[in-house]
Enquirer: 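One structure follows; several queries about it will come next.
Values reported hereafter were calculated over all heavy atoms of this structure, with side chains retained and with hydrogens, waters and symmetry mates removed.
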Amino acid sequence: TTTPTTTPTTAPTTVPATTTPFPTITSPCVENGCRIRQEFLHMSESDQLQFFGALFAASELPQFQAFYNHLMATHTNHYDSGVHTPQQFLPWHRWFLLQFENLLRLAAQNCALTLPYWDWSRYSSSPFTSPLWSPSRLGGDGDPTQGDCVSSGPFQQWRVRPNDTCLRRSFGGAMPSATAIAQAVAMPLSQFAQFEATVRTSFHGIPQCNVGGTMCSRLSSNAPEFWLFTGFTDSIWSRFQNASTAHRDAFFPSVTAALAGSGGTAFPADFLDNTELPGGVCVRYQTDVQPGPTGTPIAATTDDGGIVIGPGQPGGQPTPPPSGGGGGGIVIGGMGPA
């Protein structure tokens, strides 16, 4: 498989090929302020390529492949038995995003890397005309003469686990509008069940199945675009939660079952507050972008109304590894049997 030139060739930590649950994995990064997840199309080309390179590194380099495969299997094996129920859907996917983001940071050896998201509501009536699907980004639709396998862009040779099949797409349909999202976010707390169902079906299931192919299957987490779609879903929940503490803490503290596939180490209540996630992680989503004089985003409001300058970390400054590569940082672990 041809990978972007940003893919690292070495990595500091080796993941055992077969260990269940997986051990704690640390990388030489220190959490310093919030991780800012950016809208993909507002990222610089360099940042987009770094994200692609991290995907290839995590999925193909032997020292990370075991954990990558385990994450894919966790989603696939629990697809019909927990992760898409009202009791788990929102916090489970927030947990899953954090696990994968930690893995990408480790694989890329980049302490400033964060998962991007795609705001498909900006292209709701014609989502597949978006530049996201250009050959220089995610590539386009699948080829119906080749079983809907993707035949353009950097992921045309991407392999889907566990059967080593191609990445498939079959574009069709419109996405919900920004107005529909705003109406859902503005629902009163008493309508949380309706909000959750709307996010789970209209803002998650329908958009993914509009992409079709791999994204509309139990193997959806294998698709590179899955992370952009799931990040946007999580950002919508985050916007709802910002209305009040009661909105933030709605429903899930009463759910006592552990998150599916976590080996009993993670619970819905652990993932209510994006600013206080396990491991001392704080996450914010970039929302309204303020372009600089050359069109490069230089400032943006986050989902809680804060201001961020530049990409990545607050202040535009990546968090450097501590001297000697020691210290605390990213922790990946506690993954139970898939």
Enquirer: Side chains of R161 and N69: do they bring a donor and an acceptor to under 3.5 Å?
Expert: yes

Enquirer: Tell me, with the steps shown, if W92 and H75 meet side chain to side chain contact (heavy atoms under 4.5 Å, CB included).
Expert: CA-CA 10 Å; W92 191 93; H75 181 269; 3.8 Å; yes

Enquirer: Does the ring centre of F267 sit less than 6.0 Å away from the ring centre of W95?
Expert: no

Enquirer: Testing the basics here: between N210 and A174, what is the closest heavy-atom pair and its distance to 0.1 Å?
Expert: ND2-O, 2.7 Å

Enquirer: Consider only side-chain N and O atoms of N163 and T165, and report whether a donor and an acceptor are under 3.5 Å apart.
Expert: no

Enquirer: Could you check if a side-chain atom of F226 sits within less than 4.5 angstrom of a side-chain atom of T214, using non-hydrogen atoms only?
Expert: no

Enquirer: Could you tell me whether a side-chain N or O of R248 sits under 3.5 Å from a main-chain N or O of Q241, the two making a donor and an acceptor?
Expert: no

Enquirer: Would you call R159-E60 a salt bridge at under 4.0 Å N-O?
Expert: no

Enquirer: Tell me, with the steps shown, if F271 and L259 meet side chain to side chain contact (heavy atoms under 4.5 Å, CB included).
Expert: CA-CA 10 Å; F271 291 85; L259 296 175; 3.9 Å; yes

Enquirer: If you define the side chain from C-beta out and look only at heavy atoms, does anything of F51 sit under 4.5 Å from L104?
Expert: yes

Enquirer: Using modelled atom types only, decide if a donor and an acceptor are shared between the side chain of S238 and the backbone of S235 within a distance under 3.5 Å.
Expert: no

Enquirer: Over 60° means perpendicular and under 30° means parallel, so classify the ring planes of W158 and F155, tilted if in between.
Expert: perpendicular

Enquirer: Does E31 reach the main-chain N or O of G280 with its side chain, forming a donor-acceptor pair under 3.5 Å?
Expert: no

Enquirer: Can you tell if the side chain of S124 reaches within under 4.5 Å of the side chain of P176, non-hydrogen atoms only?
Expert: no

Enquirer: To the nearest 0.5 Å, what is the distance between CZ on R200 and OG1 on T233?
Expert: 12.0 Å

Enquirer: Verify whether the ring centers belonging to H84 and H78 lie closer than 6.0 Å.
Expert: no

Enquirer: Would you compute the distance between atom CG of D143 and atom OG of S170 and round it to the nearest 0.5 angstrom?
Expert: 11.0 Å

Enquirer: Show the nearest heavy-atom pair for residues S121 and I181, with the distance to one decimal.
Expert: CB-CD1, 3.7 Å

Enquirer: Working note: D148 + R169, criterion salt bridge (Lys or Arg N to Asp or Glu O under 4.0 Å); need CA distance, chi angles, decisive distance, verdict.
Expert: CA-CA 6 Å; D148 291 331; R169 296 176 186 145; over 6 Å; no

Enquirer: Could you give the distance from OH (Y79) to CZ (R218), rounded to the nearest 0.5 Å?
Expert: 8.5 Å

Enquirer: Which heavy atom of A269 sits nearest to which heavy atom of P253, and what is that distance?
Expert: CB-CA, 4.2 Å

Enquirer: Quick one: does S202's side chain have a donor or acceptor within less than 3.5 Å of a partner on V199's backbone?
Expert: no

Enquirer: Does D141 use its side chain to pair, donor to acceptor, with the backbone of F171 at less than 3.5 Å?
Expert: yes

Enquirer: So do the side chains of P91 and L272 get within less than 4.5 Å of each other, counting heavy atoms only?
Expert: no

Enquirer: Would you say H93 and D234 make side-chain contact, with heavy atoms under 4.5 Å?
Expert: no

Enquirer: C166 and V150: side chain to side chain contact (heavy atoms under 4.5 Å, CB included), yes or no, with the steps?
Expert: CA-CA 7 Å; C166 71; V150 172; over 6 Å; no

Enquirer: Take Y285 and W237, measure what ring pair (Phe, Tyr, Trp, His ring centres under 6.0 Å) needs, and give me the verdict at the end.
Expert: CA-CA 11 Å; Y285 286 94; W237 181 30; over 10 Å; no

Enquirer: Can you confirm whether or not the ring centre of F229 sits under 6.0 Å from the ring centre of H204?
Expert: no

Enquirer: When the ring planes of F67 and H70 are compared, do they come out parallel, tilted or perpendicular, using 30° and 60° as the limits?
Expert: tilted

Enquirer: Just how far is it from atom OG1 of T230 to atom CD of Q208, taken to the nearest 0.5 Å?
Expert: 5.5 Å

Enquirer: Are R35 and C282 packed together at the side-chain level, in the sense that at least one heavy-atom pair is separated by less than 4.5 angstrom?
Expert: no

Enquirer: Do the rings of F192 and F240 sit parallel, tilted or perpendicular, given the 30° and 60° boundaries?
Expert: tilted

Enquirer: Taking all non-hydrogen atoms of both residues, which atom of L98 and which atom of P278 are closest, and how far apart?
Expert: CD2-O, 4.1 Å

Enquirer: Within a strict 4.5 Å, meaning less than it, do heavy atoms of the T198 and F195 side chains meet?
Expert: no

Enquirer: Distance-only, no hydrogens or angles: does the E39 side chain make a donor-acceptor pair with backbone N or O of D119 under 3.5 Å?
Expert: yes

Enquirer: Applying side chain to side chain contact (heavy atoms under 4.5 Å, CB included), run through F89 and V83 and close with a yes or a no.
Expert: CA-CA 5 Å; F89 172 73; V83 306; over 6 Å; no

Enquirer: Is there a path from L228 to L49 through hydrophobic residues (I, L, V, M, F, W, Y) whose side chains come within less than 4.5 Å of each other?
Expert: yes

Enquirer: Looking only at non-hydrogen atoms, find the nearest pair between A257 and P268 and report the distance.
Expert: O-CD, 3.2 Å

Enquirer: Residues two or more places apart in sequence or in another chain: which of them pass side chain to side chain donor-acceptor pair (under 3.5 Å) with S244?
Expert: H247

Enquirer: Of W133, F40, W118, which is the lone residue that meets side chain to side chain contact (heavy atoms under 4.5 Å, CB included) with E225?
Expert: W133

Enquirer: Quick one: pull up OG1 in T114 and CE in M43 and give me the separation to the nearest 0.5 Å.
Expert: 6.5 Å

Enquirer: Evaluate the ring planes of Y68 and F100, with Trp represented by its six-membered ring, and classify them as parallel (under 30°), tilted (30 to 60°) or perpendicular (over 60°).
Expert: tilted

Enquirer: For the backbone of T129 and the side chain of S126, can you confirm whether one donor and one acceptor N or O come within less than 3.5 Å of each other?
Expert: no

Enquirer: Do L219 and P162 have side chains that get closer than 4.5 Å, going by heavy atoms?
Expert: yes

Enquirer: Any chance you could measure T275, atom OG1, to L277, atom CG, to the nearest 0.5 Å?
Expert: 7.5 Å

Enquirer: Return the minimal non-hydrogen interatomic distance between F128 and G173, and the atom names on each side.
Expert: CE1-O, 3.7 Å

